[in-house]
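In listed order, ligands and their atoms are each counted from 1. A quick note: this is a predicted structure, and the numbers were derived from the prediction, not measured.
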Amino acid sequence: MKREEYALALLRSCYGYDSFRGLQWDVIEHTLDGGDSIVLMPTGGGKSLCFQIPGLMSQDGFAIVISPLLALMNDQIDALQQNGIPALALNSEKSESENRQTVDLLMQGKVKLLYISPEKLLSEISRWSPSITHRICLIAVDEAHCISQWGHDFRPEYTQLGTLKQRFPHVPVMALTATADRITRDDIATQLHIPRARLFISSFDRPNISLNVVQGVTGRQKLRNIVQFINLHQGESGIIYCLRRIDTEKMAANLTRMGISARAFHAGMSVSEKLQVQRDFINDDVKVVCATIAFGMGIDKSNVRYVIHSNMPRNIESYYQEIGRAGRDGLPADALMFYSYGDVVTLQQFARQSGQVQVNMDKLRQMQQFAESGVCRRRILLSYFNERFDHDCHNCDVCANPPERFDGTRYAQMALSAIKRTAEQAGMYTVTDILRGWRKADIVEKGYDRLKTFGVGHDLSNAEWNAYLLQMLQMGLIEVAYDENNHLKVTEYGNEVLYGRATIALNRFERRRFDSKTRQPSAAVQPAIPSQASPAKQMDKALFEKLRDVRKALATASHLAPYMVFSDKSLTEMATAKPTTQPEFSLIHGVGDQKCQKYWRPFTAAIREHLDRNK
Ligand code: ADP
Ligand code: ZN
């Protein structure tokens with residue numbers, strides 16, 4: 001059998017999936033050929049399969065998976081074992097005898113995936129005999145940004161991983177992360193000693209998440225909107241992020257009073273209280289968690305249907321990471337953010353008290369610009385992460401209710417040309433002065449008044465140029481080089497507009513930037529557009545509810561989280577295709593051999609009963 005066919009057969013029988021997604025197969029193939037790699041995919045992008053499949057394909061070898069999050073590790077092992085995959089973990093949470101047993105099984109060749117914490121790894125490996133070490137087929141480093149001081153989550157225990165490549169030069173190393181920036185990426189390659197690692201970057205777009213921002217709604221009205229929103233999502237799980245601990249408690253109390261199953265979660269609670277909330281949420285016993293930013297790390301719940309930001313987050317990175325906890329199963333999900341000027345004031349205080357005042361103030365300003373913008377939200381997000389996205393998404397509140405636009409190609413070309421003629425050595429204000437033809441001292445000094453573009457944009461005001469340049473930035477035509485005095489640079493996409501190969505629509509300039517009436521909350525509360533065509537169309541909602549009960553009962557009986565029995569996506573397919581026999585059931589997304597054996601009876605019985613009753 002060709003190796004791709006073999007891989008697909010494993011994918012079907014172990015996971016119940018029909019095909020690889022995006023770059024998964026490319027990464028796997030490169031690994032099977034012995035290459036090192038750095039894999040950048042957003043949360044929910046499907047990183048795990050990239051290292052699990054090579055481990056499973058190996059004849060008598062096994063893959064080492066290094067992961068810093070113990071809770072997540074045990075969770076993943078449970079999920080893998082549910083699928084009949086021989087995966088085990090070595091970590092400090094397990095007893096000495098459990099760990100010894102794991103090593104025994106490893107020696108007998110009965111383990112394909114060995115999850116291990118970074119601090120345990122080196123001491124452990126030094127005890128292994130060559131008969132074990134020469135069977136290592138892959139070293140996967142999950143959350144690889146933790147090795148870099150530039151990353152947002154540096155962990156000193158990761159730095160020792162650098163010796164692995166020298167010790168096992170012939171074993172491919174795979175570094176995986178959901179953090180995108182260039183500095184961190186380069187640092188990972190250096191620290192892990194994999195200079196020739198191939199870089200795999202998949203899109204950071206999460207098209208199934210509908211993005212919505214509501215401006216200027218506060219107090220009781222905000223609470224009413226949130227309750228209304230949650231009621232539209234009855235029976236579904238969601239997270240509400242708040243700025244302060246006290247807010248999470250107030251929010252949870254208010255929601256509980258309205259009959260909504262909600263709990264608070266914040267760093268001030270005891271470990272056991274936090275674990276309990278986390279467990280109840282994962283088990284679908286609590287529907288809504290009101291949390292500070294601490295919640296969500298290490299939670300792999302795939303059926304979070306919405307994330308609400310009760311206040312604006314402090315930067316775009318946090319916003320992106322937090323909304324990413326919704327819709328990991330790929331089904332439509334909602335992100336709803338409330339934004340008022342009071343948030344900005346509070347966040348400015350936070351930023352001033354932080355260690356890096358300037359950086360944090362800049363990031364806050366960009367977050368505010370995102371919230372106030374009339375540009376498609378997804379365009380802004382992806383441009384922020386240096387990803388090209390040159391069309392409107394039709395799944396955000398701006399796209400659902402766009403401001404008045406005009407063909408801004410000519411203005412954009414003026415600005416792009418001016419930026420080029422400064423050799424990309426000028427910031428936003430200087431570019432505006434050049435366009436407006438202001439002969440002020442430093443312009444003359446640099447000779448900018450002799451540029452061909454000097455004064456070509458004199459018919460627009462300062463404010464207009466600033467607004468249009470900001471839109472161009474948010475749409476990814478230009479970039480700000482933060483490491484070079486904030487000079488403006490023209491991107492590849494910008495070049496296409498400059499040379500007439502693409503056109504660009506700009507929002508007509510409006511003097512009033514902050515207006516609570518411009519964006520009605522109702523537009524956000526009723527999610528913009530039902531995302532892509534999904535099987536949800538013909539889904540039998542009543543049957544779905546019934547199957548959800550079956551899942552819950554089975555999960556409780558075997559002490560598992562419901563989503564480990566089946567994902568919402570699998571239930572949706574069942575409630576659509578309505579399989580009543582074992583062969584039909586085996587075709588459902590997420591039904592591998594092991595789960596088919598285990599679960600086909602209760603689910604098909606429930607479906608048959610439902611069909612009989614509704615004849
Ligand atoms: P990440 O680690 O990148 O956050 P995961 O590996 O947990 O993402 O994958 C996210 C979800 O997508 C999981 O529920 C996983 O089972 C599912 N998934 C991954 N690859 C595929 C695939 N090829 N086909 C169908 N579902 C997939
Ligand atoms: Zn959009």
Side-chain angles (χ1 to χ4, degrees), residues 7-8 10-12 14-28 39-53 65 67 69 72-73 75-76 79-80 82-83 85 140 142-144 174 176-179 200 202-213 296-304 321 324-331 333 335 370 373-383 389-403 474-475 505 523-524 527-529 531 561 563-564 566-570 573 588-592 595:
L8 283 169
L10 282 173
L11 189 67
R12 180 70 236 170
C14 295
Y15 300 87
Y17 301 151
D18 293 321
S19 55
F20 287 110
R21 246 195 222 160
L23 295 170
Q24 282 173 336
W25 174 246
D26 297 326
V27 177
I28 294 166
V39 179
L40 274 97
M41 289 183 186
T43 309
K47 286 185 282 299
S48 322
L49 280 185
C50 297
F51 53 79
Q52 288 170 358
I53 293 281
V65 184
S67 167
L69 305 166
L72 192 58
M73 192 187 290
D75 217 51
Q76 285 197 338
L80 287 165
Q82 274 302 297
N83 282 325
I85 293 168
D142 207 2
E143 314 286 345
M174 184 188 295
L176 306 105
T177 172
T179 301
F200 294 90
S202 71
S203 170
F204 275 64
D205 189 17
R206 300 281 306 279
N208 60 316
I209 303 178
S210 167
L211 307 173
N212 298 282
V213 177
M297 262 296 262
I299 287 196
D300 198 5
K301 187 173 160 69
S302 67
N303 64 338
V304 176
Q321 195 172 42
R325 298 195 173 120
R328 294 183 59 159
D329 51 13
L331 293 176
F370 169 87
S373 182
V375 171
C376 165
R377 311 257 181 228
R378 209 169 304 269
R379 284 177 90 146
I380 306 180
L381 273 188
L382 294 174
S383 300
F389 190 81
D390 53 17
H391 54 279
D392 285 354
C393 77
H394 301 295
N395 196 19
C396 76
D397 59 325
V398 176
C399 286
N401 182 18
Q474 293 187 325
M475 284 191 281
I529 298 216
S531 311
Y563 72 84
M564 280 187 199
F566 284 122
S567 66
D568 277 11
K569 181 152 185 192
S570 299
E573 262 198 46
I588 297 291
H589 170 96
V591 181
K595 285 190 180 172

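Scanning all protein heavy atoms for the shortest distance to atom 4 (O) of ligand 1 gives Gly44 N, 2.6 Å. The protein heavy atom nearest to atom 15 (C) of ligand 1 is Tyr17 OH, 3.5 Å. With respect to atom 17 (C) of ligand 1, the closest heavy atom belonging to the protein is Arg21 NH2, 3.7 Å.
Counting heavy atoms closer than 4.0 Å to ligand 1, residue Met41 contributes nothing at all. Under 4.0 Å from ligand 1, the heavy atoms of Ser19 that appear belong solely to its backbone. Only backbone heavy atoms of Phe20 (N, CA, C or O) come within less than 4.0 Å of ligand 1; its side chain stays farther off. When non-hydrogen atoms are compared, ligand 1 lies under 4.0 Å from the backbone of Arg328 as well as from its side chain.
Ser567 meets the side chain to side chain donor-acceptor pair (under 3.5 Å) test with Ser570; sequence neighbours excluded.
The closest approach between Asp329 and ligand 1 stays at or above 4.0 Å for every heavy atom of the residue. Between Ser567 and ligand 1 there is no heavy-atom distance shorter than 4.0 Å.
Side-chain atoms of Trp25 and Leu8, non-hydrogen and from C-beta on, never get closer than 4.5 Å to each other. Contact annotation: the side chain of Asp26 approaches that of Leu23 to within less than 4.5 Å [non-hydrogen atoms, C-beta and beyond]. In this structure, the side chains of Leu10 and Tyr15 stay at 4.5 Å or more apart for every pair of heavy atoms. Between Ser48 and Gln76, some side-chain heavy-atom pair lies under the 4.5 Å cut-off. A heavy-atom distance below 4.5 Å is found between the side chains of Thr177 and Leu40.
When distances from atom 13 (C) of ligand 1 to the protein are checked, no heavy atom turns up under 4.0 Å.
The distance criterion of under 3.5 Å between nitrogen or oxygen atoms is met by Gly46 with respect to ligand 1. The distance criterion of under 3.5 Å between nitrogen or oxygen atoms is met by Ser48 with respect to ligand 1. Between His589 and ligand 1, a contact under 3.5 Å exists for no N or O pair.
Inclusion of Cys376 in the first shell of the Zn ion (ligand 2) is supported: an N, O or S atom falls under 2.8 Å.
Of the options Gln24, Lys301, Gln52, the smallest heavy-atom separation from atom 19 (C) of ligand 1 is shown by Gln24.
Using a 3.5 Å distance cut-off with no hydrogens or angles, the side chains of Asn212 and Asp397 do not pair a donor with an acceptor.
With values rounded to the nearest 0.5 angstrom, Ser203 atom OG is found 6.0 Å from Leu382 atom CG. Atom CD1 of residue Ile209 and atom CZ of residue Arg325 lie 11.5 Å apart, to the nearest 0.5 angstrom.
With ligand atoms numbered from 1 in the order given, ligand 1 contributes 3 (O) to contacts under 4.0 Å with heavy atoms of Pro42.
By the 30° and 60° cut-offs, the orientation of the rings of Phe389 relative to His391 is tilted.
Considering the Zn ion (ligand 2) as centre, the angle to SG of Cys396 and to SG of Cys393 is 110° (10° rounding).
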(request) Could you check Arg379 against Asp392 for salt bridge (charged side-chain N to carboxylate O under 4.0 Å, His left out), going step by step and ending with a plain yes or no? (result) CA-CA 7 Å; Arg379 284 177 90 146; Asp392 285 354; 2.8 Å; yes
